[in-house]
Peer 1: 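The structure that follows is given in the form of structure tokens.
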Amino acid sequence: MSAKAARVGETANAFSAEEDRIRAAYARRVVDGRYSWFDAGNLLAMHERERSALRVLAAAGLTPLAERRILEVGCGTGAWLRDFVKWGADPKRLYGVDLLSERVEQARRLCPAGVTLECRNAAQLGFEDASFDLLLQSTVFTSILDRALRRAVAAEMVRVLRPGGVILWYDYHVNNPRNPDVRGVPRREIAELFPGCSVHLRPVTLAPPLARMLAPRAWLLCQLLERVPGLRTHYLGLIRKPAPGATGR
Ligand SMILES: C[S@@+](CC[C@H](N)C(=O)[O-])C[C@H]1O[C@@H](n2cnc3c(N)ncnc32)[C@H](O)[C@@H]1O
């Protein structure tokens with residue numbers, strides 16, 4: 001057996017318990033209407049997220065997206081991948097991986113032809129080094145409780161990203177006291193996960209319980225509350241891999 005094959009086998013064994021835990025956590029999840037476009041709280045969050053994502057992608061000089069090779073790790077059913085197509089990305093340059101086969105199957109049904117989807121642990125991406133311009137992770141790291149797996153996924157993301165390329169990050173920075181299957185990722189940990197990269201994040205997303213309660217009745221109030229930093233539960237922003245010759249953060 002080659003040294004590389006042995007390393008891949010060791011990595012797979014090291015993470016199998018956490019993979020099982022993640023699969024069990026998603027199997028337990030109650031599917032309700034909270035992520036529906038017809039839920040006003042979710043609509044509020046999606047509008048703000050889309051505006052913020054478009055703003056940071058444009059500010060980073062990544063538009064137009066048509067020529068960009070883009071990978072989403074933990075793509076779920078492919079909602080962001082379809083957003084990228086709507087924003088001008090070429091489906092043939094879009095890739096998604098997810099741990100859960102049923103989600104990957106659903107993404108295959110929902111995404112346009114040309115999008116490449118794979119069921120695998122993002123700790124072992126089957127792509128060449130430096131082969132993507134842009135990566136995305138959205139609420140994947142909060143689903144991973146094991147620190148070693150978080151580090152392995154982050155390292156793989158950096159490996160497949162070209163120098164100067166960016167990771168679009170959207171995730172909780174706070175814990176959900178009612179959901180022990182997730183853990184927020186604070187700014188300090190994000191910097192540790194991506195050593196040597198520059199990290200630019202800003203808090204977004206009105207706390208979902210508040211948004212669900214208020215948005216159906218008081219949309220404008222929610223838009224005001226969205227601006228209060230202490231009521232925001234997520235970070236959205238970019239993590240840039242240094243280009244050759246670049247120094248510092
Ligand atoms: C909350 S969902 C978010 C899905 C999608 N990113 C979105 O924002 O719509 C988190 C996803 O991450 C996936 N995931 C968690 N750990 C993973 C890992 N190590 N490798 C690949 N996918 C993973 C889960 O299977 C799940 O589909």
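None of the values given here were measured: they were computed from a predicted structure.
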Peer 1: Does any non-hydrogen side-chain atom of K241 lie less than 4.5 Å from one of V166?
Peer 2: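 The answer is no; the side chains never approach within 4.5 Å.
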Peer 1: Can a donor-acceptor pair be found, under 3.5 Å and without considering hydrogens, that links the side chain of Q137 to the backbone of G74?
Peer 2: no
Peer 1: Going from CG on L81 to SG on C111, what distance comes out if it is rounded to the nearest 0.5 angstrom?
Peer 2: 5.0 Å
Peer 1: Does the side chain of I22 come within less than 4.5 Å of D20's, by heavy atoms?
Peer 2: no
Peer 1: Can W169 be reached from V140 by stepping across I, L, V, M, F, W or Y side chains whose heavy atoms are under 4.5 Å apart?
Peer 2: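 Same cluster: V140 reaches W169 through Ile, Leu, Val, Met, Phe, Trp or Tyr contacts under 4.5 Å.
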Peer 1: Taking side chain as C-beta onward, heavy atoms only, is L110 less than 4.5 Å from R82?
Peer 2: yes
Peer 1: Give, for atom CD1 of I144 and atom CD of E19, the distance between the pair rounded to the nearest 0.5 Å.
Peer 2: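 Interatomic distance, I144 CD1 to E19 CD, rounded to 0.5 Å: 10.0 Å.
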Peer 1: Hey, any chance L193 and M157 share a hydrophobic cluster, counting ILVMFWY side chains that come within less than 4.5 Å of each other, even indirectly?
Peer 2: yes
Peer 1: L43 and W219: side chain to side chain contact (heavy atoms under 4.5 Å, CB included), yes or no, with the steps?
Peer 2: CA-CA 10 Å; L43 183 66; W219 185 265; 4.0 Å; yes
Peer 1: Are I239 and I190 side-chain neighbours, meaning at least one heavy-atom pair lies under 4.5 Å?
Peer 2: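 Yes, close enough: below the 4.5 Å cut-off.
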Peer 1: Considering all heavy atoms of both residues, which atom of R120 and which atom of L125 are nearest to each other, and what is their separation?
Peer 2: NH1-C, 3.7 Å
Peer 1: Rounded to the nearest 0.5 Å, how far apart are CG of L134 and CG of L161?
Peer 2: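 Reported value, rounded in 0.5 Å steps: 8.0 Å.
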Peer 1: For D146 and L149, indicate whether the former's side chain and the latter's backbone hold a donor-acceptor pair under 3.5 Å.
Peer 2: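 Yes: the side chain of D146 pairs with the backbone of L149.
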Peer 1: Quick one: are H47 and E226 in side-chain contact, heavy atoms under 4.5 Å?
Peer 2: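 Of all side-chain heavy-atom pairs linking E226 with H47, none is under 4.5 Å.
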Peer 1: Do you know which two heavy atoms are closest between P163 and A130, and how far apart they sit?
Peer 2: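 What the structure gives for the nearest pair is CD-CB, 4.0 Å.
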Peer 1: Is a donor on one side and an acceptor on the other found under 3.5 Å between the side chain of H173 and the backbone of R232?
Peer 2: yes
Peer 1: Identify the residue among R69, R162, R240 that makes a salt bridge (charged side-chain N to carboxylate O under 4.0 Å, His left out) with D133.
Peer 2: R162
Peer 1: If you draw the axis of the six-membered ring of Y235, does the NZ or CZ of R202 fall within 45° of it and under 6.0 Å from the ring centre?
Peer 2: no
Peer 1: Salt bridge or not for D98 and R103, using N-O below 4.0 Å?
Peer 2: no
Peer 1: Salt bridge between E48 and R51, side-chain N to carboxylate O under 4.0 Å?
Peer 2: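 Salt bridge absent between E48 and R51.
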Peer 1: Taking all atoms of both residues into account, what is the closest heavy-atom pair of A123 and A152, and its distance?
Peer 2: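 What the structure gives for the nearest pair is CB-CB, 3.9 Å.
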Peer 1: Determine whether V104 and V97 fall in the same hydrophobic cluster, where Ile, Leu, Val, Met, Phe, Trp and Tyr are linked whenever their side-chain heavy atoms lie under 4.5 Å apart.
Peer 2: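 No, it is not one cluster - the side chains of V104 and V97 are not joined through contacts under 4.5 Å.
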Peer 1: Taking all non-hydrogen atoms of both residues into account, name the closest pair between A107 and G76 and its distance.
Peer 2: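 Result for this residue pair: CB-O, 3.7 Å.
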Peer 1: If you apply the rule side chain to side chain contact (heavy atoms under 4.5 Å, CB included), what do you find for Y95 with V115, and how did you get there?
Peer 2: CA-CA 6 Å; Y95 297 77; V115 177; over 6 Å; no
Peer 1: Output yes when a side-chain donor or acceptor of T63 lies under 3.5 Å from a complementary backbone atom of L65, and no otherwise.
Peer 2: no
Peer 1: Taking atom CG of L201 and atom CG of D171, what is their separation to the nearest 0.5 Å?
Peer 2: 10.5 Å
Peer 1: Hey, does the side chain of E156 reach the backbone of A122 with a donor-acceptor pair shorter than 3.5 angstrom?
Peer 2: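 No, because the side chain of E156 does not come within donor-acceptor range (under 3.5 Å) of the backbone of A122.
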Peer 1: Where is the tightest heavy-atom contact between P112 and V85, given as atom of each residue plus distance?
Peer 2: CG-CG2, 3.9 Å
Peer 1: With heavy-atom distances below 4.5 Å as the criterion, would you say the side chains of R93 and R68 are in contact?
Peer 2: no
Peer 1: Please determine, by modelled atom types, if S52 and Y170 share a side-chain donor-acceptor pair under 3.5 angstrom.
Peer 2: no
Peer 1: Would you mind checking if K92 and D90 are paired as a salt bridge, meaning a charged N to carboxylate O distance below 4.0 Å?
Peer 2: no
Peer 1: Looking at Y172 versus F141, is the centre-to-centre ring distance below 6.0 Å?
Peer 2: no
Peer 1: So how far is it from E118 CD to C75 SG, rounded to the nearest 0.5 Å?
Peer 2: 10.0 Å
Peer 1: Do the non-hydrogen side-chain atoms of R183 and T142 ever get within less than 4.5 Å of each other?
Peer 2: no
Peer 1: Between P242 and G196, what is the shortest heavy-atom contact and its length?
Peer 2: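 Answer, listing the atom of P242 first, then G196: CG-O, 3.3 Å.
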Peer 1: Below 4.5 Å, heavy atoms only, C-beta onward: do W87 and L57 meet side chain to side chain?
Peer 2: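 Yes, at least one pair of side-chain atoms sits under 4.5 Å.
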Peer 1: Are V153 and L135 connected in the hydrophobic side-chain network, where two residues link if heavy atoms are under 4.5 Å apart?
Peer 2: yes
Peer 1: Would V204 and R49 count as a side chain to side chain contact (heavy atoms under 4.5 Å, CB included) if you check the C-alpha gap in whole Å, the side-chain angles of each, and the deciding distance to 0.1 Å?
Peer 2: CA-CA 8 Å; V204 294; R49 188 176 86 172; over 6 Å; no
Peer 1: Test your reading of the model: is there a side-chain donor-acceptor pair from N175 to the backbone of P177, 3.5 Å cut-off?
Peer 2: no
Peer 1: Once you round to the nearest 0.5 Å, how far does CD1 of I167 lie from CG of L136?
Peer 2: 10.0 Å
Peer 1: Among residues at least two apart in sequence or on other chains, which ones pass salt bridge (charged side-chain N to carboxylate O under 4.0 Å, His left out) with E189?
Peer 2: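 So E189 forms a salt bridge (charged side-chain N to carboxylate O under 4.0 Å, His left out) with R147, R150.
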Peer 1: F132, L168: one ILVMFWY side-chain cluster at the under-4.5 Å cut-off?
Peer 2: no
Peer 1: Run the salt-bridge test on E105 and R109 with the 4.0 Å N-O cut-off and return the result as yes or no.
Peer 2: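 So E105 does not pair with R109 through a salt bridge.
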Peer 1: Using the side chain to side chain contact (heavy atoms under 4.5 Å, CB included) rule, take L44 and L206 through it: C-alpha gap first, then chi angles, then the decisive distance, then the call.
Peer 2: CA-CA 9 Å; L44 182 92; L206 180 62; 4.1 Å; yes
Peer 1: Not counting sequence neighbours, which residues clear side chain to side chain donor-acceptor pair (under 3.5 Å) with E72? List them please.
Peer 2: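 With sequence neighbours excluded, E72 shows a side chain to side chain donor-acceptor pair (under 3.5 Å) to no residue whatsoever.
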